[in-house]
Each structure stands twice: as C-alpha cells, then as structure tokens.
Amino acid sequence: MTSVKHSFDFLVEYITAKVVEWIMRDEGIGLEEALVAFHNSETFDKLCERKTDMYIESAAYIYEIYKEELSRGTLRGLTD
C-alpha cells in the first residue's frame, strides 16, 4: 500500500508542478499566485481524489480541464 500511496502522491505532485508552470507562463504571474490559483480550483480538488483517477491523466489534459473551469468562472474563492 505504501508504494501505491507514494505513486499517487508523486503523480499528483508532478501534475501540479507542470500545471502551475503553465499557469505562470500563460498568465504571466508568479509562482505563489499560480499555486494559489490551482490549489483553489475544483480541478485540483478532483485531482487529489483518488477515486476520480485524474492522477493517471497527462498534465496537459489536467491543464485543459483547469482552463475550462476558468472559462466557466467557477474558480472557488477567487471569483466570489
């Protein structure tokens, strides 16, 4: 089980790092702001839920979901 948990954590961290990198590039913002934006998203919440299996998707796919979420204006905590 430890190996599975480790793999899950690694994949979530890897995807998060790539998505945050692309947010910084595309939005022209710094690391802290990009981290806050992604961590406050529904996309990140779903990524962290093992039952959604989003952690086995590519980082590019997760970034597309995040951008779709932004276009709908549902980024929790930042658009209220």
Side-chain angles (χ1 to χ4, degrees):
M1 182 66 178
T2 303
S3 176
V4 172
K5 169 99 170 94
H6 178 71
S7 296
F8 172 77
D9 292 344
F10 174 81
L11 290 169
V12 169
E13 288 175 22
Y14 171 78
I15 291 168
T16 298
K18 294 304 291 180
V19 169
V20 166
E21 178 183 325
W22 295 329
I23 293 170
M24 290 171 55
R25 178 197 66 202
D26 293 349
E27 301 295 322
I29 60 177
L31 176 61
E32 185 175 349
E33 192 175 352
L35 280 167
V36 168
F38 188 56
H39 281 139
N40 280 303
S41 71
E42 295 168 24
T43 304
F44 180 74
D45 288 346
K46 295 298 181 192
L47 175 63
C48 292
E49 290 179 26
R50 189 182 304 263
K51 67 183 178 186
T52 66
D53 287 337
M54 285 180 66
Y55 67 96
I56 62 173
E57 300 290 349
S58 71
Y61 178 76
I62 301 302
Y63 185 50
E64 289 302 317
I65 292 172
Y66 172 77
K67 290 192 303 184
E68 178 63 27
E69 178 184 340
L70 284 183
S71 75
R72 292 189 324 261
T74 61
L75 190 61
R76 289 184 292 98
L78 299 179
T79 57
D80 294 341

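Basis for what follows: all heavy atoms, side chains included, without hydrogens, waters or symmetry-related copies.
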Using a cut-off of 6.0 Å, state whether more than 12 heavy atoms not belonging to [X] lie near its atom [atom1].
X	atom1	answer
Glu32	CD	no
Lys67	NZ	yes
Phe8	CZ	yes

Spacing of [X] atom [atom1] and [Y] atom [atom2] [to the nearest 0.5 Å]:
X	Y	atom1	atom2	answer
Ile56	Leu47	CD1	CG	11.5 Å
Tyr61	Ile15	OH	CD1	11.5 Å
Asp26	Leu70	CG	CG	10.5 Å

Side chains of [X] and [Y], heavy atoms from C-beta outward: is any pair under 4.5 Å?
X	Y	result
Asp53	Tyr55	yes
Glu64	Glu68	no
Met54	Ile65	yes

Any idea which heavy atoms bring [X] and [Y] closest together, and the distance?
X	Y	answer
Val12	Cys48	CG1-SG, 4.0 Å
Ala34	Ile23	CB-CG2, 3.8 Å
Tyr66	Thr43	CA-OG1, 3.5 Å
Ile62	Glu57	CD1-CB, 4.0 Å
Met24	Gly30	CG-O, 3.8 Å

- prompt: Can you check whether Glu42's main-chain N or O pairs, donor with acceptor, with Glu69's side chain at less than 3.5 Å?
  reply: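 Checking the backbone N and O of Glu42 against the side chain of Glu69, a donor-acceptor pair under 3.5 Å is found.
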field: Flag, side chain of Thr16 to backbone of Glu13, donor-acceptor distance under 3.5 Å
entry: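 Not confirmed, Thr16 side chain does not pair with Glu13 backbone.
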- prompt: Parallel under 30°, tilted from 30 to 60°, perpendicular over 60°: which one fits the rings of Trp22 and Tyr63?
  reply: tilted
